[in-house]
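These notes concern the structure reproduced below.
By convention in this document, chain letters (A, B, ...) are assigned in the order of the sequence lines, proteins followed by strands, and residues within each chain are numbered from 1.
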Amino acid sequence: MSSQTLSHAAETIDSGDDAPLTDAQAAAAGRQARPLRFITCGSVDDGKSTLIGRLLWDTKAVKEDQAATLRRDSTGKQNELGLPDFALLLDGLQAEREQGITIDVAYRYFATDRRSFIVADTPGHVQYTRNMATGASTADLAVLLVDARAGILEQTRRHATIAALMGIRQFVLAVNKIDLAQYDEARFRAISRDFKEIALSLGVRQVTAIPVSALKGENIVLRGDEAMPWYDGPTLVEVLEKATQRTGQTTGFRLPVQRVSRPGEGFRGYQGTVAGGSIKPGDSVVVLPSGVEANVKAIVTYDLVRNAAVNGDAITLVLDRPVDVARGDMIAAIDQRPQTGRAFNARLVALSPDGVVPGKRYWLKAGARRQRVMVRPTSALDLSTGKWDDATFLPVNGIGVVELDFEDTAIFDSYETNRETGAFILIDPETLNTVAGGMIEGKRTKSGRFDALPDSDRASITLPARLLEAFLKTEFARAHAGEIRVTAPEEAGGE
Amino acid sequence: MNVIEHGRGKPPLDPHLKALENEAIHIFREVAAEFERPVMLYSIGKDSSVLLHLALKAFHPGKLPFPLVHIDTGWKFPEMIAFRDQVVAKHGLDLISHTNPDGLRDNVTPFSHGSARYTDIMKTQALKQALDMGRYDAAFGGARRDEEASRAKERIYSFRTPDHAWDPRNQRPELWSLYNGMIHPGESVRAFPLSNWTEVDIWRYIQAEQIELVPLYFAKRRKIVERDGMLIWAEDKRLELLPGEQVREEMVRFRTLGCFPLTGAVRSEATDLDEVIAELEIATVSERQGRAIDRDQSGSMEKKKREGYF
Ligand SMILES: Nc1nc2c(ncn2[C@@H]2O[C@H](COP(=O)(O)OP(=O)(O)OP(=O)(O)O)[C@@H](O)[C@H]2O)c(=O)[nH]1
Ligand SMILES: [Mg+2]
């Protein structure tokens, strides 16, 4: 499906999946869908907050009293254009206003005639990467900003990488402050080209590049034809209205059990939010880690005893026989089970000043399950080269691959197949702070490889040993680790 | 045990509201499971009414596994207190009402001490007393991120020190829907299940779920006086008129509810939910405009929250 947006956007890299919605689909969406969640990210001062402020302003999401406050707070900070400082609509903390930077994520809600949105405006400063990751973890789309004069910086790469790692597959590259770069088309094309390369290496196939002036509101909601007659692609809002939501799960039924409800004689229900697939009375399920099997007797909610529940529903499940189920257990489809075991591989973003230390026993929380884990980093991404280097420690803001070793059974899907049951956080046992966010690649087998998909579902690549090693270190190999099976010729010959 | 069905014949929620409801229920259950002594702050207003409704849903067919706390300043609209008692009786709730005894003793009023100090003593300090007395380690609140710029920055699990202080510069990362409920003794968490709801979402949900509200939200002829650009309810004899002020009767309603001397009414003809929602969709000012305590100084909400306000 090649929509108008795509054919007009010179810089769009088309893709088969995740194709944008058509006009009609977008219009029909309206409140008939959950809001699109997106983030702004990119290096410090590139104009992220200004862009969202302008977006809110031009979609009439700023009320009169808020506009009056904005004008009052902007006095003294007026730019040469005499426009208010739109970033103040987002930078609501006193420290942020004093320093003129964003420190923590701001969540804002707005709607156009076609769609409603939740935007998380994230901080560009490297010190607050943890807050950027907070915003990225739930987003469907990322608007990555670049200052047209500065081009792509290390922090731009970091944010793009974290966003991609967390499963965002739709990017808008907003080449901002184009007004300060003489609306130079060549400059815009050059930056777009640079980014396209990065995006491909991250496994991101859908990028729409737009030249914008966040401050003047050009190509945000209103077109910037006068200043940029050479650009005939979509405005930012047009792209947002047509973006797709990530579903990101292809597994069977999953119910991480949050609590057991025993309000009275004879009633025993397992409460949780469906984290994959669907369920109806009569279906067979397995309780993990015990492995006990049972059938679903009823799906209870406040409104109705329902005849089905789907992904995202908060339910109370009643089984047909007395089984031992506790908080932290997982109830799953009997024929499509998650992986269980004590050894997994994962990717990690380190979010605390202490980094992630090998040999330390952290708490790991995934779904409603909390357990002890030892973390051993094996490689880390070098943002200046885009290569994975061997590593034993992850410093703050480091992105790495780690081996997880549990003291009792862990239950996961790969993040690629299920974002609910493939994600986890690490908690420092002393400070009790959240120190890392992680995404499961798969269960680790004895040979150190991991399995995200059964071998039969994977593409095979055979490479000579010396190339194989280099290939495995590329971002591409990492991004598709679960889908490809790489072997050296000797091994392949044996099959 | 017979499971009651409350929603027979009711049309299903639209997917937008359903997603918000699911998220809120998830948060309720998570907090109830992870903390030893949770409590819910109940302020009687529309957000609290939605919060309570969601809590009932989350724990159905069981009862709420925690009590409710209401901070009564003594200056609430009488209709609010009557409504509160009705709701408590209807659902068999365990409600604790607390008033700051020091404030009572010192006769602290919005008039004698100014809105900022009054709010600190009768609301913030009162809340801290109530939370300390109950040794609660988690408190649910109905705050929404769309209410105010510093609220927009707050996590769903908002970490508080033993003094109940919020450190906005140092919030825990909060990834996916994985909330970190681990705290040291004395520390606590404020949990906000309605974080991602907007004012319009609240009203649509109230309509879809037929949630009962304090009648003050609907327009009626009420006695008011205009003061500092706000329409103040003037049917309580403790409100002393200033020179030149005149009590008038007008069709008004309230967009938010709090202490009557600090809550501005809006002129309105909206007497039912449909009309309120229609009015809201074309509203040109935000709901916070009617609140004196938010206008004291810029950044005042953040300041109050740092000090322990919820
Ligand atoms: N001329 C011009 N100035 C801009 C534009 N966009 C942003 N600015 C200015 O750039 C400065 C930084 O903008 P912010 O929006 O605060 O940048 P940010 O990316 O949010 O910064 P952090 O959140 O701290 O990383 C402000 O002074 C803006 O007015 C633009 O398109 N044109
Ligand atoms: Mg910013």
* Select one option (side chain, backbone, both, neither) describing which atoms of B/Ala58 are under 4.5 Å from chain A's heavy atoms. => backbone
* Heavy-atom closest pair, residues B/Leu175 and A/Met166 -> CD2-CE, 4.0 Å
* Relative to chain B, which segment of A/Ala120 carries a heavy atom at a distance below 4.5 Å: side chain, backbone, both, or neither? -> neither
* Asked: Is it the backbone or the side chain of B/Glu187 that comes under 4.5 Å from a heavy atom of chain A, or both, or neither?
  -> neither
* **Atom pair OH (B/Tyr157) and OG1 (A/Thr434), whose distance is rounded to the nearest 0.5 Å** => 11.0 Å
* Asked: Any salt bridge between A/Asp303 and B/Lys57, counting N to O under 4.0 Å?
  -> yes
* To do: Any chance you could lay out the side-chain contact (heavy atoms from CB on, under 4.5 Å) test for A/Val105 and B/Glu174, step after step, and finish with the verdict?
  => CA-CA 10 Å; A/Val105 201; B/Glu174 193 164 83; over 6 Å; no
* Please assess A/Thr102 against B/Lys153 for the test side-chain contact (heavy atoms from CB on, under 4.5 Å), listing each intermediate value before the final yes or no. => CA-CA 10 Å; A/Thr102 304; B/Lys153 299 267 164 181; 3.8 Å; yes
* To do: Could you tell me which portion of A/Arg369 (side chain, backbone, both or neither) has an atom closer than 4.5 angstrom to a non-hydrogen atom of chain B?
  => neither
* Asked: Any side-chain heavy-atom pair from B/Ser195 and A/Tyr107 closer than 4.5 angstrom?
  -> no
* **Side chain / backbone / both / neither for B/Phe159 at chain A, heavy atoms under 4.5 Å** => neither
* **Verdict with reasoning, A/Asp104 to B/Glu154, per side-chain contact (heavy atoms from CB on, under 4.5 Å)** => CA-CA 9 Å; A/Asp104 212 332; B/Glu154 198 158 17; over 6 Å; no
* **Separation between NZ of B/Lys10 and CG of A/Leu304, rounded to the nearest 0.5 Å** => 7.5 Å
* Just by distance, with hydrogens left out, do B/Arg155 and A/Asn131 show a side-chain donor and acceptor under 3.5 Å apart? -> yes
* Distance only, no hydrogens: is a donor on one side chain within 3.5 Å (strictly under) of an acceptor on the other, for B/Arg169 and A/Tyr128? -> yes
* Asked: With sequence neighbours excluded, what pairs up with B/His91 under the ring pair (Phe, Tyr, Trp, His ring centres under 6.0 Å) test?
  -> none
* Asked: Which one of B/Glu23, B/Lys18, B/Glu5 has the most heavy-atom pairs closer than 4.5 Å to chain A?
  -> B/Glu5
* **Closest-packed option against chain B by number of heavy-atom pairs under 4.5 Å, given A/Asp313, A/Val274, A/Leu432** => A/Leu432
* Is there a side-chain contact between B/Met182 and A/Pro429 (heavy atoms, below 4.5 Å)? -> no
* Asked: Where do B/Gly62 and A/Pro263 come nearest, in terms of heavy atoms and distance?
  -> CA-CB, 3.5 Å
* **Options B/Arg172, B/His60, B/Arg145, B/Arg29, ranked by heavy-atom pairs under 4.5 Å with chain A, top entry** => B/Arg29
* So, A/Arg327 and B/Glu30, do they make that salt bridge, N to O below 4.0 Å? -> yes
* B/Glu34 and A/Lys365: salt bridge (Lys or Arg N to Asp or Glu O under 4.0 Å), yes or no, with the steps? -> CA-CA 12 Å; B/Glu34 279 200 309; A/Lys365 187 177 180 190; 3.3 Å; yes
* Is there a donor-acceptor pair under 3.5 Å between the side chain of A/Gln258 and the backbone N or O of B/Ala33? -> no
* Identify the two heavy atoms, one from A/Arg108 and one from B/Ala152, that lie closest to each other, and give their separation to 0.1 Å. => CD-CB, 4.5 Å
* Examine whether an atom of A/Thr301 lies under 4.5 Å from a heavy atom of chain B, and if so say whether it belongs to the side chain, the backbone or both; otherwise answer neither. => backbone
* Is it the side chain or the backbone of A/Leu351 that comes within 4.5 Å of chain B heavy atoms, both, or neither? -> side chain
* Structure fact -> If one checks every heavy atom of A/Glu430 against chain B at 4.5 Å, the contacting part turns out to be backbone
* Roughly how far apart are A/Ile118 CD1 and B/Leu20 CG, rounded to 0.5 Å? -> 7.0 Å
* Member of A/Thr129, A/Val435, A/Asn433 meeting the side chain to side chain contact (heavy atoms under 4.5 Å, CB included) criterion with B/Pro173 -> A/Asn433
* To do: Would you mind checking which part of A/Arg37 comes under 4.5 Å of any heavy atom in chain B, side chain (CB onward), backbone (N, CA, C, O), both or neither?
  => side chain
* **Choice from A/Ile103, A/Ile427, A/Thr316 maximising heavy atom contacts with chain B below 4.5 Å** => A/Ile427
* Structure fact -> Residues A/Phe424 and B/Trp176: closest non-hydrogen pair is O-CZ3, 3.5 Å
* To do: Kindly check if the number of other-residue, nucleotide or ligand heavy atoms within 6.0 Å of CZ (A/Arg262) is above 12?
  => no
* Heavy atoms from other residues, nucleotides or ligands near CD of B/Glu36 exceed 12 (cutoff 6.0 Å) -> no
* Asked: Where on B/Pro65 is there a heavy atom nearer than 4.5 Å to chain A: the side chain, the backbone, both, or neither?
  -> side chain
* Asked: Under a 4.5 Å heavy-atom cutoff, which of B/Ile4, B/Ile183, B/Asp146, B/Leu178 has the most pairs with chain A?
  -> B/Leu178
* Structure fact -> Ranking B/His184, B/Lys63, B/Glu21 by heavy-atom pairs under 4.5 Å to chain A gives rank one to B/His184
* To do: Check each atom of A/Gln66 against the heavy atoms of chain B and say whether the ones under 4.5 Å are side chain, backbone, both or neither.
  => side chain
* If you round to the nearest 0.5 Å, how far is CZ of A/Arg130 from CD of B/Gln171? -> 9.0 Å
* Test side-chain contact (heavy atoms from CB on, under 4.5 Å) on B/Phe28 and A/Arg259 and set out the steps. => CA-CA 11 Å; B/Phe28 265 116; A/Arg259 60 193 295 278; over 6 Å; no
* Asked: Excluding sequence neighbours, so at least two apart, what forms side-chain contact (heavy atoms from CB on, under 4.5 Å) with B/Ser150?
  -> A/Leu93, B/Glu148, B/Met301, B/Glu302, B/Lys305
* Asked: Counting heavy-atom pairs under 4.5 Å to chain B, which of A/Ser261, A/Ala68, A/Gly438, A/Ala366 comes out on top?
  -> A/Gly438
